[in-house]
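Quick notes on the structure that follows.
Each chain gets a letter, A, B and so on, in the order its sequence line appears, and its residues count up from 1.
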Amino acid sequence: MSLWLVKSDPEAYSFDDMEKDGKTSWDGVRNYQARNNIQLMKKGDRVLFYHSQIGKDIVGVTEVSKEAYNDPTTEDIRWFSVELKFKKRFKKTITLESMKSNEKLQNIGLIKQSRLSVMPIAEFEYDEILRLTK
DNA sequence: GCCAACGTTGGC
DNA sequence: GCCAACGTTGGC
């Protein structure tokens, strides 16, 4: 099982929307690196959900419920989507600020590559984030 | 609202 | 194939 993180501007699509919908098609990604990551996602992979712009925090976990398929929002066959389902909301969210000041999270994609919207997360990073929610 | 970072486009 | 111009993202 692999671990990932996706970003969303809550004004466009928030974790509240995600919880309400139960599952959603993660489409509209128009960046090759993010696209490549989407194609690597497997059913059952855990995906952290991060709010960009507003909040700037990881708010919970989703799970890949359907592997890569052609992005339904475009005719362009270069782009792919996955289906994500709501898994769990964190009692305490993890802010970007707290990650920046955490020794173990210095190399997390969120900090290293701030513009990438779909990125892999290392197991120790995932564990550390979960630990911080407690 | 500004601007740095960075990806994409298009002229040459 | 290079690189300037331009557009977008996202933190501040």
A:Arg89 bridged to A:Glu19 by N-O distance under 4.0 Å: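 Answer for the salt bridge query: yes.
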
Is A:Asp71 salt-bridged to A:Arg30, going by a charged N under 4.0 Å from an acidic O?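 Yes, charged N to carboxylate O under 4.0 Å.
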
Close side-chain approach of A:Leu110 and A:Tyr50, heavy atoms under 4.5 Å: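 Sidechains of A:Tyr50 and A:Leu110: in contact.
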
With a 4.5 Å heavy-atom cut-off, do A:Thr62 and A:Met18 have their side chains touching?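 Contact flag for A:Thr62/A:Met18 side chains = yes.
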
Evaluate the ring planes of A:Phe15 and A:Phe86, with Trp represented by its six-membered ring, and classify them as parallel (under 30°), tilted (30 to 60°) or perpendicular (over 60°).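 Rings of A:Phe15 and A:Phe86: tilted, as their planes differ by 30° to 60°.
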
Looking at every non-hydrogen atom in both residues, tell me the closest pair between A:Ile54 and A:Pro10 and how far apart they are. O-CG, 3.6 Å

So, for A:Ala34 and A:Val29, which heavy atoms are closest and what is the spacing to 0.1 Å? CB-CG1, 3.5 Å

Go through residues 93-101 of chain A and report each residue with a non-hydrogen atom lying under 4.0 Å from DNA chain C, sorted by number.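 Residues of residues 93-101 of chain A that come under 4.0 Å of DNA chain C are, in numerical order, A:Leu96, A:Lys100.
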
For nucleotides 1-10 of chain B, read 5' to 3', which letter fits each nucleotide if B means a protein heavy atom sits under 4.0 Å from the base, S means only the sugar-phosphate is that close, and - means neither? ----BBSS--

